[in-house]
Structures are given as structure tokens and as C-alpha cells.
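Below you'll find the structure, written out as C-alpha cells, and then a few comments.
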Amino acid sequence: MSTPNTSPQSADLLIELFTEELPPKSLRRLGDAFSEGIFNTLKTAGLLSDDSKVTGYATPRRLAVHITQVLNQAADYPVREKLLPTSIAFDAQGQATAPLLKKLGALGYADIDIATLEKSGDGKNEALYLNVIAKGAVLEQTAQAALENTLGKLPIAKMMHYQVLQKNGQLADVEFARPAHKIIALHGNNVLAINALGIRANNQTEGHRFLAPGVISIASAEQYESALLEHAKVMPSFEGRRKHIETALLKAAGADLVLMPDSLLDEVTALVEWPAIYECHFDQEFLEVPQECLILTMQTNQKYFALTDKQGKLRNRFLIVSNIETAKTDAIISGNERVVRPRLSDARFFFQQDQKRPLAARVADLGKVVYHNQLGNQLERTQRVAAIATGIAKQLKNLGIDANLELAGRAAEIAKTDLLTDMVGEFPELQGIMGRYYATNDGENAEVAAACSEHYMPRFAGDALPSTQTGTILAIADKLETLVGIWGVGLAPTGDKDPYALRRHALGICRLLLEKNLPLSLPELIALARSQFHQKDVQEKAKAEDIYAFIIDRLRAYLRDQSIAGKPFTSAEIDAVLSQTPAQLNDLIERLAALREFNALEQATQLAAANKRISNILKKTSTPIPESCSSKLLQIPAEIALFQSLEGVTPKLNAAYEQRQFVELLKTLVALSQPIDQFFADVMVMDPNPELRDNRLALLQQLHQKMNLIADLGKLA
């Protein structure tokens, strides 16, 4: 137990909770939450200095935190808090009322002398204030509260309920992620008298379950990590252990490449306290199976690290991370090789069996698989996707772009059939990948086979796009069908909830249209997709304008990550382009680049301001504006000059727009700068004569349309 200090003292603090093996997939989050919870509580209580550093630890059997420069007693501090108006705080006899006493009790000052309370203000505004010097927090009490609060808020998916035997011989009910056995609470070399989960703190923990079994005493907080490393065969730091594993894997791989997905590295790090790397092998014959199957079964089922050569071809050697370090490795290696063989045999069996039945023969069976109870089965969905895909192919052909309707339809027909195979049933992550293998085996067209895999692309932010035209068409069709259908059954994303990944699908559509430079109309694509749904609810809920706005919102986020010469596009530039509700997305980067170049011109600021002024005038006009301006009604030289200037540049503007020469288009607008200035200086737009007024508004409307062919320049003002 700690001894009371007569003056504040600073030392390192260590708190460790020693348990049974914690859930590996959440260990990292548990460790972070444990260290952050205790650190933040102590910081709020004023027990840390500005230079205090926190280090979190997490192993399969312990959560711990080490904090430097922790005071045993925080400094006293002034407290001034308004209590109540004096009219409420005191009765007619000047005695404290029940509300005042209750307020003081809630603040922890029930025994304070009422006469010491401060009165401030005049008349009705007079109020009573608590004005005292409060005692600073005591470490032992604060650490107790910090530990209790932190344990209660840890991100534990499912609690275990168990009982612990207390000193009085009674059993106490406890709940935690796993049964806890020990708690260390050290301030320097002093043990803090705190407890949790039915355990009293001391300075003892346990070492590695096999390599250093038994109790280990920690002399002081600052010696925690070194003591575990040197005497307990435990690497307590999650990050340190992960880095050690990564380095050791790379060394053991030699000239080969190690497949180390972050999720697998995290999980393996959470399974060991003293990692050791061993090399194992499997029979060469298994390499006849698609390597994705072998890699996935090794990673998912066994937590092994597959190796490939420099060209990415799988090797028949793999690496394991063991929690046992030993010179006698035969038993560990042979045991793991024996365990992996049945898994690989299963994968080979699934592959061989699946190939006996062509994908085309499985199409009818899609009708037995429910897609969504309001949207029918997978066969109905396949038919919708096929109609959308062939519709897209037709649109591309009409635009003079090579697209094969037959291949698009065939790819859509068989793309989802691999969902019915044994391999994908065992490993859903392989959907699409196995479709490509099986379609190739069936003798399908190479583009059709590729589309079976590519229609899922892009699967995540930054993922590659389809390499084939058929794959691209099918990817757009599949995402549109999902977006419209799921939106139409009332499952549009809300807040953080997006169970069908509609945001990812919308972003995928944007990337496919833009990066593949497809001049397709987004509103027409949405209309094509909506027309395939005959359910009334879908038609009513999946409004075209809502779907368009949702996709454009995803596009806005995508464009914020794009740049020219390392300089990202600004929000004003993006708003200027997207406010024009573009139908085609493929030229947006060119528009933004042109806008960036235009904005550097001397006349850009004046033109942007003028455009904004014109927008405001047109918005405030409640009466219909004529479609065109009549030159016969122009009277003032400035309006005649503007009309003639606009007439003069219009052919050049139209030609530049048709040829996508956006920089040239915007530079052409410079010729209008002086006539626009003179127009606003000399002409009163809202003339009392309605005929003159409407004609001038028509002139401004024509000017506004030509100025905003590629972007709303007023957004730059």
C-alpha cells in the first residue's frame, strides 16, 4: 500500500491487468482504449504534467499502461461557481433553504460554513457563489476511478460472467472479456491500494505461459517493459511485437515475397507474446489449384503467411508465427504441415468438383437464391443487370465507342453463378476470382471471363479498375442496379449506416465514368437502371434526382483528393463545376484544370464578380425572361457593345466547347471583360419600361449561359 506524502511527488505510473487470453481480433482496440481511458482521466484530474508521456501495452494475456511524470497529489485550485439567486438560497429569516443545501451537497461542500459563501450582484440579480480553494485530486483515489471507468467502457463485444473467491471466503460475481487474475498498480516503486474485478493490486504479474511460467515481481513502474523482456519472455508492446514479426518474416522469406495483409499481421500479433518464425512446406501438387484459394485458406484458417516469387507466383513454402521459441523445431514444423494439408486438400477438391459443371448450367439455380425479399432472387437481379449492361453497350456504340452487346449480356448472365460453387461457398472472398477461373475453364470468351471478376471493381478506395471494356460495362451496370434497388427499398445510407456499401458503389460509378473517359450521361444511366425495376415502391423511393445527388456527393469527395502539380482542387473550384449539374463526368478534371488556369488570369476576378452579380439579378427576377435578346430594343451604346461582343465570341465559345478546349473557351471570355464593366456602369437593367427591362435581362441571361458553359464562374468570386 502506498504511504501518504506530505508534498506532491512525481514518478512513473504503471497499471496492468493480467487475464486469460483476450479476443485476438479486438486486442489492439482494447489496448488503445485501456491506455487512453486511464491517461485521459488522470490528465483531467491535473495529475500529469505537459511533458507526461503515455505508452500502452497489449498482449494476449495483459493490458497495461505506463505514464511518465505522474503526481501523487494534484495542486489545489480555486473554485468559483454560481449556486442560486439569494432570494432562493435564503428564507425570510435569512436561513439556508433546502435547495441551497442540496446544491452544496451535490458539489461536495455540505459542511461548508454558509457565512463564507460570496454574494454578488444587486437587487434581483444578487446571487450566491461558492468561492473556495479546492483540494487537488489524490492519485490513489483517481487511479481507482480511472481503472473502474476505463474497464466499464472498453470495446468488448461479449462479456464473460464468472465468480472470484474473496478474502472473506465469499464468491463474487464478475463480468469481463476474459477472467482476470492480477492487477499491478505502481507509482514509482509504491503499490497503489486500488482494486477491480474482485482483485487487489500489487506489483506481481506472470510471464510467458510456457517459456517463463510463474510469478514475476516488478520493482518499479519504469522497469516494467525491460523486466518482461528480460525475465518473462514477453514483448508487451503491441506495435513493437508487430514490427518484430514483420521484420522476422521478411528475413525468413529471403528472396521471396511475403503476403502480409494488415489484418493478418494484427491478428497474429494478438496471438503471441514471444513470437518465433518457422518455415514450413506443402506438397508441390497443390500448386495446380488457383493460388488465391491456397493463399486464402492459409491466411483465414491457419493464420499462415504465404510466400510468392518476384513475379507473384505462389511458392510451396510458407511461414508461421509461433508462441514457442525452441531449438527443436521438428515437432512444430511437422505439426503445422500436417494441419494445413487437409485444408489444401479441401480447396483442391472444391476446385475439381466445381469444374465439372459449367457456370452457364448454374444460371437457372440463381432463381433459388433470394437477393432481397422486396427485390426478388438472384436470377431476377441478373436479368436486370444484363438489361442495364446491354443498354450501356448500346449507348457507347451510338457514341462511336467499341462495345460488344453480346459479350456484355453473356458476362452479366454468368457473372454471379460462381456464388453457387463449393469454393465460393467456403470462401466468399473469392467471388468473382473463381468466376474468372471457371469461365476460362468453360471456354468462355476472354473478356467475358475477365468481367466475371472485374465487375466487382473497384472493390475499395484506390482499387484498380477493370482492364476490359466488357468488365467496365458490367461493373457500372452492377453498381447501378444495386444502388437503385437498395435505395428503392428504403435502405439509403443514413449517418454511419451503409450496410449495402452504396457509398462505395456510387464512388465506383464516378471513377469508372471519369477515369475510363466514358462520355455517358449519368442521368440517362440512372433512368436506364430505374426502368428495370417494376416494383412500385422502388420507382417511388428511388427518385432519379436523389440518386444523382447522392452520386455527385461521392464525386465531390473524390475530386477533393485530386490535384494538379501536387496542388489539390479547392472547394470553390469543385463547387463551380458541380453546380452546373453535369450530365457527363469524364471531362470534369479537364474542366477543373481549365478553371485553375483561368483563375490565374488578370481579368478572372472581375469576370467572376460580374458573373455572380448577373446570377443575383436573374434569381431576383420573378417574371419570365425572353429566350433571346432583340437587337432592335437596344438603345444605350454600352448594351449595344456588350451584345455585339457576345455575338462575336459566341461561335468561338461554342466551337471550343464542342472540341473540349476548355482553357481556350475560358480565355475567350476575357474579351467580354471591358464590355461587361461598361454595361453595368452605364445601363440600368431594371428599367421602368418593362420591354427594355426584359430585353436587358434576356441579354444578361444569354451572357450568363455562355460564361457558365463549363463552370459557374460566380462561385470563384
Side-chain angles (χ1 to χ4, degrees), residues 259 281-302 304 306-309 311-316 318 339-371 377-379 381-383 385-386 389 404 406-457 459 464 466-468 470-471 474-475 478:
L259 302 183
H281 296 78
F282 58 82
D283 294 340
Q284 190 86 16
E285 64 190 49
F286 287 118
L287 292 176
E288 299 170 2
V289 180
Q291 66 181 49
E292 292 91 344
C293 308
L294 305 180
I295 291 168
L296 195 60
T297 192
M298 284 191 282
Q299 291 178 345
T300 304
N301 298 124
Q302 306 304 132
Y304 296 159
L307 299 172
T308 71
D309 61 19
Q311 287 70 47
K313 186 177 180 181
L314 185 67
R315 300 291 305 276
N316 71 318
F318 60 93
V339 167
V340 79
R341 183 179 177 85
R343 293 289 187 181
L344 301 183
S345 296
D346 286 346
R348 180 172 60 182
F349 175 77
F350 293 147
F351 183 60
Q352 292 171 344
Q353 290 298 112
D354 287 341
Q355 291 180 100
K356 293 178 181 178
R357 190 181 182 203
L359 293 180
R362 301 174 187 265
V363 173
D365 292 343
L366 289 171
K368 302 173 186 177
V369 181
V370 175
Y371 169 53
N377 54 53
Q378 283 286 4
L379 180 58
R381 182 182 182 225
T382 292
Q383 292 165 348
V385 173
N404 191 309
E406 185 178 342
L407 294 184
R410 179 61 171 178
E413 182 183 11
I414 67 170
K416 298 297 183 185
T417 53
D418 68 339
L419 298 174
L420 305 175
T421 62
D422 292 338
M423 185 70 81
V424 175
E426 180 71 14
F427 300 111
E429 300 91 335
L430 292 175
Q431 58 186 285
I433 294 171
M434 295 314 301
R436 185 172 195 159
Y437 278 110
Y438 295 145
T440 301
N441 179 72
D442 295 344
E444 296 284 353
N445 179 280
E447 277 211 23
V448 170
C452 288
S453 173
E454 291 181 342
H455 80 281
Y456 289 105
M457 295 179 172
R459 295 177 178 85
S467 61
T468 65
T470 302
L474 191 55
D478 185 68

Original post:
Under 3.5 Å, is there a donor-acceptor pair between the side chain of Asp418 and the main chain of Gln431?
Top reply: no
Original post:
Are any non-hydrogen side-chain atoms of Leu430 and Leu296 less than 4.5 angstrom apart?
Top reply: yes
Original post:
Roughly how far, to the nearest 0.5 Å, is the CD atom of Gln352 from the CG atom of Asp422?
Top reply: 12.0 Å
Original post:
Which atoms form the tightest heavy-atom contact between Ala451 and Thr470, and what is the distance?
Top reply: CB-CG2, 4.0 Å
Subject >> Contact summary for Glu454 and Gly471, nearest pair of heavy atoms >> reply: OE1-CA, 3.7 Å
**OP:** Sort and list the pairs that fulfil salt bridge (charged side-chain N to carboxylate O under 4.0 Å, His left out) and have at least one residue in residues 347-364, not counting sequence neighbours.
**Re:** Glu285-Arg348, Arg357-Asp365
Subject >> Of Leu407, Thr440, Asn404, the residue whose pairing with Asn445 passes side-chain contact (heavy atoms from CB on, under 4.5 Å) >> reply: Leu407
Original post:
Under a 4.5 Å cut-off applied to non-hydrogen side-chain atoms, are Leu287 and Lys313 in contact?
Top reply: no
**OP:** Please report the closest heavy-atom contact between Ala360 and Ile414, naming both atoms and the distance.
**Re:** CA-CG2, 4.3 Å
Original post:
Nearest heavy-atom pair of Ala475 and Met457: which atoms, and what distance?
Top reply: CB-O, 3.6 Å
Subject >> Note, Met423 side chain near Glu292 side chain (heavy atom, < 4.5 Å) >> reply: no
Subject >> Donor-acceptor pair, side chain of Thr382 and main chain of Gln378, under 3.5 angstrom >> reply: yes
Original post:
How many angstroms lie between CZ in Arg343 and CZ in Phe282, if you round to the nearest 0.5 Å?
Top reply: 15.5 Å
Subject >> Pairwise side-chain contact, Ile295 with Leu259, heavy-atom cut-off 4.5 Å (strictly under) >> reply: yes
Original post:
Rounded to the nearest 0.5 Å, how far does CZ of Phe286 lie from CE of Met298?
Top reply: 11.0 Å
Subject >> Where Gln291 and Gly312 come nearest, the two heavy atoms and their spacing >> reply: NE2-O, 2.9 Å
Original post:
Excluding sequence neighbours, so at least two apart, what forms salt bridge (charged side-chain N to carboxylate O under 4.0 Å, His left out) with Glu413?
Top reply: Arg410
Subject >> Nearest non-hydrogen partners of Gly432 and Tyr456, listed with the distance >> reply: CA-CE1, 3.5 Å
Original post:
Any side-chain heavy atom of Leu366 sitting closer than 4.5 Å to one from Asn377?
Top reply: no
Original post:
How long is the gap from CE on Met434 to CD on Glu426, to the nearest 0.5 Å?
Top reply: 12.5 Å
**OP:** Evaluate the side-chain proximity of Val369 to Leu419: yes if any heavy-atom separation is below 4.5 Å, no if none is.
**Re:** no
Original post:
How long is the gap from OG on Ser453 to OH on Tyr437, to the nearest 0.5 Å?
Top reply: 9.5 Å
**OP:** Over 60° means perpendicular and under 30° means parallel, so classify the ring planes of Phe318 and Tyr304, tilted if in between.
**Re:** parallel
Original post:
Donor-acceptor pair, Asp442 side chain versus Glu444 backbone, under 3.5 Å?
Top reply: no
Original post:
Does Cys293 reach the side chain of Phe427, with side-chain heavy atoms less than 4.5 Å apart?
Top reply: no
Original post:
If you count the non-hydrogen atoms of other residues, nucleotides and ligands that lie under 6.0 Å from CD in Gln355, is the total more than 12?
Top reply: yes
**OP:** Please tell me if the side chains of Pro358 and Tyr438 come closer than 4.5 Å, counting only heavy atoms from C-beta onward.
**Re:** no
